[in-house]
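Report on the structure given below.
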Amino acid sequence: MSGVAPPEDHPLLVEGIINDLHARDWQQTPGDIGHVYLIRALAQAGRSDVLHRVYSRTGVGSYGGVLAKGLTAMPETWDATRDGYQSLNHFMLGHVVEWLYEYVLGVRQAPGAIGWRRVLIAPCPGRLTEARGRVLTPHGPIHCRWHVKGEKLHATVVLPTGLEPPMEAEFVSPDNTRQRLSPGTNEVVGGL
């Protein structure tokens, strides 16, 4: 929505998207091209909980539905047809990877950053209680692992070392508290 609608209208637009998804029993309908923009609109609005509902469905038009058919790679179409003509190893519907790394795991470049010199670690747990992963950057991998315990999010973040100048990193808890991170291993606890 950034640049398309005035910022003051974003909450109303997000509410409209959520209402439409709810009316469709959480079936997403933006198509291949619009799919990434649906993900970004909801993730940037802090609504990973909605994306979790959409993607954990098991019917047609969901990643759960693809898994329910026994596939281990992305099909060419949401119905995951096995007719011998459609690719069953196709990344057309793989936009969800951006959300998984940047919002669920929380590892992304800071706004306006270039070349991964400034990063944010800002997990959006949604309905999950843990996540772990690694993001390869031009300066080395960033490892992140988090879990929810009670009303807190506990995270271990490992940033590349030996960089001059060092990578600037900030941890943003789901409750929006912020903590500076240092090169190497960081243990942080934040509120939900």
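Keep in mind that what you see is a predicted model, and the values were worked out from it rather than measured.
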S62 side chain reached by W26 side chain, heavy atoms, under 4.5 Å: no
Heavy-atom distance under 4.5 Å between the side chains of I142 and M167, does that happen here? yes
Is R24 paired with D20 through a side-chain N to carboxylate O contact shorter than 4.0 Å? yes
Here the pair of heavy atoms bringing A41 nearest to I17 is CB-CD1, 4.2 Å
Between Q27 and R57, does any side-chain donor sit less than 3.5 Å from a side-chain acceptor? yes
Output, in order, the C-alpha distance, side-chain angles, deciding distance and verdict of side chain to side chain contact (heavy atoms under 4.5 Å, CB included) for T129 and W146. CA-CA 8 Å; T129 57; W146 60 257; 5.7 Å; no
Honestly curious: do V96 and Y101 fall in one hydrophobic cluster under the side-chain, below-4.5 Å linking rule? yes
Less than 4.0 Å between a side-chain N and a carboxylate O, is that true for E98 and R40? yes
I'd like to know whether the aromatic ring centres of H95 and W99 sit less than 6.0 Å apart in this structure. no
Of I121, L120, V119, the one forming a side chain to side chain contact (heavy atoms under 4.5 Å, CB included) with E170 is L120
Measure the shortest side-chain to side-chain distance between H139 and L159 over non-hydrogen atoms and say whether it is less than 4.5 angstrom. no
Got S48 and L42 here, is their nearest side-chain heavy-atom distance under 4.5 Å? no
Please find out if less than 6.0 Å separates the ring center of H35 from that of Y55. yes
Kindly confirm or rule out a cation-pi arrangement of R108 over Y103, judged by NZ or CZ under 6.0 Å from the six-membered ring centre and within 45° of its axis? yes
For a quick test of reading the model, state the closest non-hydrogen atom pair linking L153 to P125 and the distance between them. CD1-CG, 3.5 Å
Show your reasoning for whether side chain to side chain contact (heavy atoms under 4.5 Å, CB included) applies to V148 and E130. CA-CA 6 Å; V148 173; E130 64 181 309; over 6 Å; no
